[in-house]
Amino acid sequence: MPNDYNVSRTLRRWYDTHRRALPWRDTRDPYRIWISEVILQQTRVAQGMDYYHRFLERFPDVRALADASEQDVLRLWQGLGYYSRARNLHAAARDVRDRFAGRFPTDYAAVRSLSGIGDYTAAAIVSFATGAPYAVVDGNVLRVIGRLFAIDTPTDTSAGRHLYNDLARSLLPPDQAGTHNQAIMEFGALQCVPRNPDCSVCPLVARCAAHAAGTPERFPVKQHRTKTVDRYFHYFYVTT
DNA sequence: ATCCTGTGCT
DNA sequence: AGCACAGGAT
């Protein structure tokens, strides 16, 4: 078990030279981080950019968002889809205004309690804004970790979620949480991509179990059978 | 553990 | 047409 943070060091070194310059990076304002994360949950960077700028211009801080009407928020959200997320955004802003005196919280439990913020978004906001040691686990992280350790347990099971969360935590250097989280996600987005990853230029190739097995694309393993399965039962009576 | 949502891929 | 995605909600 590599608890020496060498993987993290490699990821952060890679991140230094390969990271994209994005407007929501290098800000410590939890409000701005929050807006960017919610937009990015459903939109590619290229298209989310315009919405991000327009949103912040119109609602520069959480109080401006809270004091706006839901109609105004939805109008600015138009074209993004997932309108319940815009409603959650607005409701959460009012919640911050009322429960936290208009100051967006940076405490994990407080952030996590807001509408539309789950484990991933809470960890992202808190670690980016303050460096607090919460490991993000999104689709990119699942792929990087699934491949690094060639994990056969499906991601969408309780055992899988537990395992992935534990591994994500084990890779996280407590004093570099924000940078590490950004680095591992960017690495998944640009280098350890879902299809045809170019492992020949990967700085972790020597430590990657999936590459060693020759099947990086097999990971992460999923189960996701919402599909109805036909089951046939054979039963019989026993009479005396 | 299952459902929800709009987009884009196959 | 049907499914995968990606998080959150229930």
Side-chain angles (χ1 to χ4, degrees), chain A residues 22 24 30-52 54-55 65 70 73-96 104-105 108-129 134-147 151 153-165 167-169 181-182 184-197 216-231:
Chain A
L22 300 174
W24 45 82
Y31 172 72
R32 290 176 172 243
I33 295 167
W34 172 49
I35 299 300
S36 73
E37 288 299 333
V38 174
I39 289 176
L40 261 45
Q41 278 173 15
Q42 66 208 46
T43 311
R44 312 268 173 207
V45 165
Q47 209 219 342
M49 194 84 78
D50 293 334
Y51 282 91
Y52 175 77
R54 264 183 277 153
F55 212 87
L65 181 58
E70 189 180 86
V73 177
L74 288 173
R75 223 187 320 278
L76 230 63
W77 201 260
Q78 199 163 355
L80 272 179
Y82 297 96
Y83 294 98
S84 66
R85 288 179 180 169
R87 290 194 183 87
N88 282 336
L89 217 56
H90 186 234
R94 298 203 154 179
D95 211 11
V96 169
F104 200 96
Y108 182 88
V111 173
R112 179 65 177 77
S113 76
L114 297 168
S115 300
I117 297 185
D119 291 334
Y120 162 74
T121 307
I125 292 171
V126 169
S127 70
F128 298 168
Y134 292 90
V136 294
V137 182
D138 72 344
N140 290 316
V141 174
L142 290 177
R143 192 165 54 256
V144 173
I145 289 179
R147 287 176 179 173
I151 295 172
T153 312
T155 57
D156 50 355
T157 60
S158 47
R161 275 187 287 275
H162 223 104
L163 177 57
Y164 276 89
N165 286 339
L167 287 168
R169 265 194 296 274
N181 281 337
Q182 304 249 30
I184 191 169
M185 288 196 287
E186 188 78 333
F187 185 79
L190 299 182
Q191 168 62 44
C192 195
V193 293
R195 281 185 244 277
N196 298 318
E217 283 197 18
R218 195 162 74 77
F219 303 94
V221 173
K222 296 174 192 187
Q223 188 117 92
H224 217 219
R225 80 270 200 208
T226 302
K227 266 190 145 93
T228 45
V229 177
D230 292 329
R231 303 181 65 186

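Order of the sequence lines fixes the chain letters, A, B, ..., with proteins taken first and strands second; residue numbering starts at 1 for each chain.
One atom, CG of A:Asp156, and another, C1' of B:dA1, lie 11 Å apart when rounded to the nearest Å. Atom CZ of A:Arg87 and atom C1' of C:dG8 are 16 Å apart (whole Å). Atom CD of A:Gln223 and atom C1' of B:dA1 are 12 Å apart (whole Å). Separating the CG atom of A:Asp138 from the P atom of C:dG7 is a distance of 5 Å, rounded to the nearest angstrom. The distance between atom CZ of A:Arg143 and atom C1' of C:dG7, rounded to the nearest whole Å, is 14 Å. Nucleotide C:dG8 holds its C1' atom 13 Å from the CG atom of A:Leu89, rounded to whole Å. Atom CZ in A:Arg161 sits about 12 Å away from atom P in C:dG8, given to the nearest Å. Regarding A:Leu40, its CG atom lies at a distance of 10 Å from the P atom of C:dG7, rounded to whole Å.
Remark: A:Arg32 engages A:Asp29 in a salt bridge (charged side-chain N to carboxylate O under 4.0 Å, His left out) (not counting sequence neighbours). Applying the salt bridge (charged side-chain N to carboxylate O under 4.0 Å, His left out) rule to A:Arg87 yields the partners A:Glu70; only residues at least two apart in sequence or on another chain are considered. Checked against salt bridge (charged side-chain N to carboxylate O under 4.0 Å, His left out), A:Arg75 has the following partners two or more places apart in sequence or in another chain: A:Asp72.
Across all strands, A:Ser158 comes closer than 4.0 Å only to sugar-phosphate atoms, never to a base (heavy-atom distances).
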Reading nucleotides 5-10 of chain B from 5' to 3' and marking B where a protein heavy atom lies under 4.0 Å of the base, S where only the sugar-phosphate is that close, and - otherwise, the string is BB----
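Distance check: A:Leu22 CG to A:Glu186 CD gives 6.5 Å after rounding to the nearest 0.5 Å. Separation of atoms CD (A:Glu217) and CZ (A:Arg147) is listed at 6.5 Å; rounding is to 0.5 Å. With rounding to the nearest 0.5 angstrom, the OG atom of A:Ser158 is 11.5 Å from the CG atom of A:Leu163. Within the model, atoms CG of A:Leu74 and CG of A:Leu80 stand 11.0 Å from one another, a figure rounded to the nearest 0.5 Å. Rounded to the nearest 0.5 Å, atoms CG (A:Asp156) and OH (A:Tyr164) are 10.0 Å apart.
Here side-chain hydrogen bond (donor to acceptor under 3.5 Å, both in side chains) pairs that include residues 111-129 of chain A, with residues two or more places apart or in two chains, are A:Glu37-A:Tyr120, A:Gln41-A:Thr121, A:Arg99-A:Ser113, A:Tyr108-A:Asp119, A:Arg112-A:Asp119, A:Ser127-A:Asn181.
Contacts between residues 108-125 of chain A and DNA chain B, counted as heavy-atom distances below 4.0 Å, involve no residue at all.
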